[in-house]
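Counting starts at 1 for both ligands and their atoms, in listed order. Reckoned from all heavy atoms, side chains included, excluding hydrogens, waters and symmetry mates.
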Amino acid sequence: MCGIFAYTGSKGKNASEVLLEGLSSLEYRGYDSAGLFIPGHGGVRSVGAVANLRAKIESPISGSSGIAHLRWATHGEPTEKNAHPHRSCNGDVWVVHNGIIENHDVLRAELEEKGYVFESETDTETIVHQIHEFLETGVSLLEAVRKTCARLEGAYAIGVVSTGAPGKLITARQGSPLVIGLGKGENFIASDIFALVGETQRFVFLEDGDLAELTTDSVRIFDQAGALVERSVHE
Ligand code: GLU
């Protein structure tokens, strides 16, 4: 099944530890590789257990946000190159994704035609290059993700960060599970609440087609058309 875990926070936590703990609590879902990205520190990816990923992180990485992923390969072998997070060509935008992008071949052909160079065999990598292309038109990260989602066919739960929007975490879901955990001075996303109960007791479940923008002290949720919407908080 695989999983996503991400957070943005102002508490000066050890980001790599928060992300590795989150991934460990999702391990029961099954996966073949793992990875994480903390802005300012690059990505770390490994095949096999979360313990292998942990072994690659020589000393704890502090940071105010990060995204992490357990992959269950659907497009491309379970290799380090295909493990998430995937990045834009300039290394500014990083994405984790659970699900399948059905129209990835059409998107990939279009993006390659425009000069985008793919590093992996995954369907996921189309998402990050498409976000980058929209960002180049001058829109916000949130709007670039919204416009990208409008082009995606299939199922997805995604987590997106950009070095150009520090402390901001964008997420969206369609057909794949995703829950937001509301903290104090920090907010989280995960594939299920089991990964979040150690961090918070307050959750928001996104509906299909929802997008959300998380900062350390705010969560704003939007529908597919980009209109601000309210979703209930569950305790
Ligand atoms: N389809 C993506 C891949 O093969 C995501 C798989 C997943 O849900 O982990 O990389």
Near [X], which atoms of ligand 1 are under 4.0 Å from a heavy atom of that residue?
{"X": "Cys2", "value": "7 (C), 8 (O), 9 (O)"}
{"X": "His69", "value": "9 (O)"}
{"X": "Thr122", "value": "10 (O)"}

Please state whether the rings of [X] and [Y] are parallel, tilted or perpendicular, taking 30° and 60° as the class boundaries.
{"X": "Phe188", "Y": "Phe5", "value": "tilted"}
{"X": "Phe37", "Y": "Trp94", "value": "parallel"}
{"X": "His84", "Y": "His97", "value": "parallel"}

Worksheet item: Going by distance only, is there an N or O of Asn82 that falls short of 3.5 Å from an N or O of ligand 1?
Response: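 No.
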
Fill in: Polar contact flag for Gly99 and ligand 1 (N/O pairs, less than 3.5 Å)
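Checking ligand 1 against Gly99, an N or O pair does fall under 3.5 Å apart.
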
Worksheet item: Just heavy atoms, cut-off under 4.0 Å: does Thr74 contact ligand 1 by side chain, backbone, both, or neither?
Response: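 The answer is both, backbone and side chain.
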
Worksheet item: Using a distance-only test with no angle check, is there a side-chain donor-acceptor pair under 3.5 angstrom linking Asn98 and Tyr31?
Response: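 Short answer, no.
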
Worksheet entry | Any side-chain heavy-atom pair of Ser65 and Leu169 under 4.5 Å |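 Ser65 vs Leu169: side chains apart.
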
